[in-house]
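As a basis for the values below, the full set of heavy atoms in this structure was taken, side chains included, without hydrogen atoms, waters or symmetry mates. Both counts, for ligands and for their atoms, begin at 1 and track the order of listing.
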Amino acid sequence: MASSEGSAELSIEGVGKRFGDVVALDRVSLKVAQGELLTILGPSGSGKTTLLKVVAGFETPDGGTVKVGGTDISALPPAKRDIGMVFQNYALFPHLSVKTNVAFPLEMRNVAKPEIDRRVSEALAMVELVGYEARLPRQLSGGQQQRVALARAIVFNPRLLLLDEPFGALDRKLRETMQLEVRRLQRRLGLTTIFITHDQEEALVLSDRIAVMNKGTIQQIATTTEIYEHPANDFVADFVGESNIFHGTISASGTVALDGGGSVTVASDKPAGAKVGVLMRPERFGTAGTNLFNGEVIESVYLGTSFKLRLAVEGGRELLVRQPARGALPAAGSRVTVGIEPDAIHVF
Ligand code: ATP
């Protein structure tokens, strides 16, 4: 999806925020295109929530601007920003019915009563909660409560939707269902959305693009496949997916001499002498290949569709390998040979 200057719906430019000695945001810039779902993925404390609060207007940045549709909204109070929000623990009003909860943003905007009824019904239909209008939040499951929160966030047709770990408290199965529902709804309404998570699988399922954050800075912004296949650095490679990361020097065209000995053949046009990182995803290994590794199984786990093996290979290295589950699970102590092709290795 395009995210050029012209089509950027949300534009965050050089936003910084400190809390005492802690740099929560270090001049963060990013753009979100109209109708795009951008996930901000990062470990705890990386600055995700602070960034969202700056966009929503709950936190004043030390510097930088936030623009929506090209207009600087930095000086607007939260209620004037036209943003729908759902948080992990964004409690619904406990004493108000589902219907009254969802109607709230419309009441605040002095929308006429018949129009409120119409829009609340529409929003509840979208989150599949028709028939629950009269219930109180405590009479709903966690997933249903988050659906009400979602209905309340979209009922006034906001310009932006911000979701901060909205399914963090739900069990895995429900979480997966809700992810797909949010994605469908977001696409259908064409809502420009930022979704925060520390769960890489959730980010891969949901996003048009992912921004990976660490220590207040954006490490990489790219499509899901780009982030997984071509991570920009060690942090991204390690944080998204399982990985084997080694370091070395390009010694000749297509060869990396690994620090600590040994070499691998790669498909990279980086010049000789360049210091590089080498990423081999566990699932890219087979039983043969241009680069062969003989090793002893340290640990083996049966995962239904695959075997996950930890191998001790030459040069004191460990390799994590996934293979389709066929035949017997290799026992700890047994020796195996695995291989990987140059074009399955990412050099960064
Ligand atoms: P999590 O996934 O745990 O919610 P996060 O990536 O959302 O983490 P933030 O909540 O944005 O991270 O916090 C970024 C950093 O700023 C952290 O070191 C945090 O302790 C600090 N921080 C956030 N809010 C405040 C505050 N009000 N006062 C002081 N420090 C704060």
Side-chain angles (χ1 to χ4, degrees), residues 10-32 37-66 68 73-74 76-79 81 83-92 142 145-146 149-150 153 160-172 174-176 178-179 182 192-222 224 227 231-241:
L10 172 66
S11 179
I12 297 169
E13 295 166 13
V15 164
K17 181 71 186 176
R18 293 177 83 101
F19 295 104
D21 289 342
V22 178
V23 180
L25 297 175
D26 188 5
R27 283 158 297 167
V28 169
S29 296
L30 63 83
K31 292 180 194 306
V32 188
L37 192 153
L38 178 88
T39 297
I40 300 182
L41 174 67
S44 182
S46 56
K48 307 181 297 294
T49 296
T50 304
L51 184 61
L52 217 62
K53 283 184 177 166
V54 167
V55 174
F58 295 126
E59 203 71 82
T60 310
D62 301 332
T65 54
V66 177
V68 175
I73 60 162
S74 305
L76 288 181
R81 293 195 179 195
I83 294 175
M85 276 172 286
V86 181
F87 297 110
Q88 180 174 337
N89 298 309
Y90 195 28
L92 300 168
Q145 288 187 38
Q146 279 308 61
L150 192 58
L160 288 181
L161 180 62
L162 306 181
L163 307 162
D164 190 353
E165 308 246 3
F167 313 134
L170 307 180
D171 68 48
R172 191 191 166 93
L174 186 56
R175 217 181 143 103
E176 287 173 358
M178 292 292 290
Q179 287 164 2
V182 158
T192 308
T193 303
I194 296 188
F195 190 107
I196 287 191
T197 184
H198 62 264
D199 178 342
Q200 41 119 349
E201 266 184 47
E202 184 162 79
L204 291 172
V205 168
L206 272 172
S207 322
D208 290 310
R209 286 187 307 153
I210 299 176
V212 180
M213 268 190 98
N214 188 33
K215 296 186 180 151
T217 63
I218 294 195
Q219 304 286 312
Q220 186 175 9
I221 306 185
T224 51
I227 291 273
N233 56 38
D234 278 32
F235 181 82
V236 178
D238 192 42
F239 195 71
V240 184

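The residues R175 and E201 are annotated as not salt-bridged, no charged nitrogen and carboxylate oxygen being separated by less than 4.0 angstrom.
For the pair R81 (side chain) and I73 (backbone), a donor-acceptor distance under 3.5 Å is present. Remark: side-chain polar atoms of Q146 are paired, donor with acceptor, to backbone N or O of P166 under 3.5 angstrom. A donor-acceptor pair is defined here as one N or O able to donate and one able to accept, closer than 3.5 Å; no such pair exists between the side chain of K48 and the backbone of L41.
By the 6.0 Å contact criterion, CZ on R27 is open, its count of non-hydrogen atoms from other residues, nucleotides or ligands being 12 or less.
Residues lining ligand 1 at a heavy-atom distance below 4.0 Å are given as F19, V22, A24, P43, S44, G45, S46, G47, K48, T49, T50, ordered by chain and residue number.
Partner V212 forms a side chain to side chain contact (heavy atoms under 4.5 Å, CB included) with one of N233, I227, T217, T39 and no other, that one being I227.
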